[in-house]
Structures are given as structure tokens and as C-alpha cells.
Amino acid sequence: MEQYVIKGGIPLVGEVEIGGAKNAALAILAASVMTDETVTIENLPNVRDINVLLGAMEGIGAKIDRIDAHTVKVNGSMIKELCVEYEYIKKIRASYYLLGALLGKYNHAEVALPGGCDIGSRPIDLHLKGFRALGADVRIQHGLITAQADHLHGTHVYMDKVSVGATINIMMAASMADGKTIIENAAKEPHVVDVANFLNSMGARIRGAGTDVIRIVGVERLHGTEYSIIPDQIEAGTFMFAAAATRGDVTVKNVIPKHLEATSAKLIEVGCEVEEFDDAVRVVCSRPMRHTQVTTLPYPGFPTDMQPQMSVILGIAQGTSTVTESIFENRFRYVDELTRMGANIKVESNIAIINGVEGYTGARVNAPDLRAGAALVIAGLSAEGITIVDDIYYIERGYEDFEKKLSELGAQIEKVSSEKEIQKFTLKVG
Ligand code: UD1
């Protein structure tokens, strides 16, 4: 089991390059099998979730050529198997994007039902409602979701709740249905737009992505394309918050500043300076931070995937802050770990009440999930003394070269896999 060991208290200074958006890449990879022609995808993040999905795609017969760490060629003409095994879906829920992709292309798909998740119950009823509205017969039997249609037809779907996954899954299947589909109350996240742009570059006819009404005119066939994935707004936000927590000065490069507006706004509220450039943002934090209120909301609201990182900086901001989680019910599992580092946080229902403390003190903590794991690393970077973050497996699901990028900003952090290595690091940093 690998861990991060961190000697905190060093302001991060310098420049960091952000990779492609994991959540866009997952959907785009799944959609790439919807044509029999070859698709080239660039700016792919080299993270565990992506590699698991590529495995699932190979498992159904897609040909995957890894050109380099960030470029892949996919050819879906040899797909024979329309069933995605539980082995993949248990590792990565987003394999369910293959449901929309295969249903659209072949009118049939079988994907294992995703199991429970670490951030709360995550139903997929809206995905299934959309597939049914498109004319598919959808059944759940023996742990498998089977969707089958004679032919898919355009439809009108109202999403009862704003869902990124359901919007994308329905958009994929509807791209190859007969006639026109309208998705109302659609998710507006940048990666929904990226997936729509990708499908359009394959010949799909999708309009309105990025607004709450998406209109799709189904096409008979999609063709090959070359596409570069947008930058990851959550990776970018994580480095911006790491700069704030360590009172640093970091320029986060290769980003779309528009996608970071909610994150930037909160940093400014707590007293940091955020400077925007065409494709970079610079965060400088030279004063003590002050309290604020945050509620997670669908885009353009404050992202739930930045909620734990936000709590970490509010934990050392002056005064009492509140963080309200409105998307996932169980996203405060890191609070106990942060308390071990000296935080003063009380969770009542979906609200964390945070009384800022002077600073964190290093401790041994567990990463409970991907984003909370990254947040604990940020806490460790700002803490006095040594922090050990266990279960970094979760962090590696979504952050490429996390410790390397942080080291380049001056952090003292190492990936280790034994007590001996921890001791060696401790002796080295003194
Ligand atoms: C995606 C992101 C995840 C992010 C989340 C919210 C990927 C791979 N993951 O997850 O990192 O935290 O968006 O921005 O892109 N819901 C239902 N029924 C459904 C589907 C969702 O009730 O059929 C609910 C969920 O329980 C949740 C809310 O809708 O409360 C939003 O979830 P959704 O946007 O679907 O999240 P994901 O697509 O799973």
C-alpha cells in the first residue's frame, strides 16, 4: 500500500501544468466506440480511472492503441461483446457511459449495475428513465442492467434532478436515435459541453450543450475524428487551493479560467488574490484567510468535487464558516481525519460548521475518497510537522503525478510504500 508522506509548512511557489479533464475523458472514451472508424483522443489524463475504462473497452473488443501517455487511438469496429463486466464497474462507476454508447450504436447494451459508493447512495434512475423514453426496454436482473430496443426514437426528457452522468448518457444514445430529442433541465458542466463537441466532431447533431435545454437530431452513423480534451477544472482548483492553504504564489497553467469562476470567487472571498490570464490563473495568498459560506451546486455553482478542498482552507481561515453539501449525502467522511490534524468542524446533516484554527498539525490520516484524499494532502502541505496520507490509491484515480507536480512547486512530499521509507523521509527533512 502506498502513502504520501509530507513535511508541511512550505509555501507553494511556481507554475503547474494542468492535464485533461478526467470526467470529460471518461465519457469521450466511451463515446469513441460509437463509430467503426478510428478516433484519436489527445490530452487524456494518465490516471487510474482512465486506464480501467480502457480495459473495459478492450474487454468488449474495442482496439486501443496507446500512442503516448496522453494520446490514444480507439477503433470500435471489432466490438462483439455488448456486456460490460462488474469487474470494471466496481472499480469505476463511469463505465456506465458504455450503456448509452452501446445502446445508441447497437440498440443493445448490458452493463453491471454500479455498486454502493463512498460518497453516498448514487442512483442511476435518471439514466434509465432517459433510455426508456428513447424506446428501450430496460431491465435490471442478476446485477446487470440490460437495455434493448428495436430502434431508438427521439423523445422529450425532463431531468427531475440535474445529473451530469444522465445528461451525457442520454445525449450519447439520442445521437443515434431516429428523430429529435430534447433534454430539459440538462447539466451544464464544461464536460457535458466537451462530450457534445466531441460527438459533433464525429458527425452528431447536438445543440444547446452548456444550457439547460439540449437538442439532438439523431444521425444514422458517426465517423472518426481527432479530438483534444479540455483541461481539468478540478485538478486546477485543487492546486489553486493548495496555493492558498500554504500561503503561496502559484500560476496554474493550461486552464480555461471561465470554468474556474466559482473556485476563484471563493478564493477572493477568503482574501486571496486571483489573477486571470488567457489560459492560466495565478493565486497569491499573502494575508490570513477569513471565513465564508459555500454551498455546492451544479455548474456554474461551486463544484461538489471541490468541497473537501474548500473545507480544508476554511478550517484555517479566521472565524466561523459553513459548507453546505447539496449534491451528495455522504461527502464529509474526511472531517474526522481533518479533526485529527487539529480542525474544529461539526457536521449537522449536510452542513459542516467550521471554526477556523491557527493551523493544522501533521498526523497519520486515511484518504476516504478521491477528492477528500487530495484535500487531506493540502492540509498536510499547510500543517506543522509530518503528515502521512494512507490509501492514496483513491487520489491516483484522478490526479496524474500529484506528488511530482507538488514537489516542483517546492512541497516536501514523497510517495512511499513502507515504514522504513517514511522514517528515511523524516530523517531527510529533519
Ligand atoms: C459526476 C462526476 C462527479 C461529480 C458529479 C457532480 C463523473 C465521472 N463524475 O458524477 O465527479 O461529483 O458529477 O458534479 O463525471 N442522481 C439521481 N439519479 C440519477 C443520477 C443522479 O438521483 O440517475 C443524483 C445523484 O445522486 C446526485 C445528483 O443527482 O445527488 C448529481 O449526480 P450526477 O451529476 O449524476 O453525478 P455523476 O454523473 O455520478
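Start at 1 and go down the list; that is how both ligands and their atoms are numbered. It should be emphasised that the depicted structure is a prediction, and the values quoted were computed from it without experimental measurement.
Distances shorter than 4.0 angstrom do not occur between any heavy atom of Lys22 and any atom of ligand 1. Heavy atoms of Gln307 come nearer than 4.0 angstrom to ligand 1 in no pair at all. Close to ligand 1: Pro123, with a non-hydrogen atom less than 4.0 angstrom away.
Salt bridge annotation for Asp249-Arg282: present, with a cationic side-chain nitrogen under 4.0 angstrom from a carboxylate oxygen. A salt bridge does not link Glu325 to Arg331: none of the charged nitrogens lies less than 4.0 Å from a carboxylate oxygen.
Here Asp305 has side-chain heavy atoms under 4.0 Å from ligand 1, and that is the only part of it that gets that close. Contacts between Ile234 and ligand 1, counted as non-hydrogen atom pairs separated by less than 4.0 Å, are absent for every part of the residue. With a 4.0 Å heavy-atom cut-off, ligand 1 is reached by no atom of Tyr299. Both the backbone and the side chain of Val164 come within 4.0 Å of ligand 1, judged by heavy-atom distances.
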Show me the donor-acceptor pairs within less than 3.5 Å that the side chains of residues 69-76 make with the rest of the protein, sequence neighbours left out.
{"unit_1": "His70", "atom_1": "NE2", "unit_2": "Glu400", "atom_2": "OE1", "d": "3.2"}
{"unit_1": "His70", "atom_1": "NE2", "unit_2": "Glu400", "atom_2": "OE2", "d": "2.6"}
{"unit_1": "Thr71", "atom_1": "OG1", "unit_2": "Asp68", "atom_2": "OD1", "d": "3.0"}
{"unit_1": "Thr71", "atom_1": "OG1", "unit_2": "Asp68", "atom_2": "OD2", "d": "3.4"}
{"unit_1": "Lys73", "atom_1": "NZ", "unit_2": "Thr40", "atom_2": "OG1", "d": "3.2"}
{"unit_1": "Asn75", "atom_1": "OD1", "unit_2": "Ser77", "atom_2": "N", "d": "2.8"}
{"unit_1": "Asn75", "atom_1": "OD1", "unit_2": "Ser77", "atom_2": "OG", "d": "2.5"}
{"unit_1": "Asn75", "atom_1": "ND2", "unit_2": "Asp36", "atom_2": "O", "d": "3.4"}
{"unit_1": "Asn75", "atom_1": "ND2", "unit_2": "Thr38", "atom_2": "OG1", "d": "3.0"}

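Exactly one of Gln233, Met310, Met306 qualifies for a side-chain contact (heavy atoms from CB on, under 4.5 Å) with Thr263. That residue is Met306.
Residues satisfying the side-chain contact (heavy atoms from CB on, under 4.5 Å) test with Ala109, not counting sequence neighbours, are Leu99, Leu102, Leu103.
Those atoms of ligand 1 with a heavy atom of Arg331 less than 4.0 angstrom away are 12 (O).
No side-chain donor-acceptor contact under 3.5 Å links Arg340 and Tyr360.
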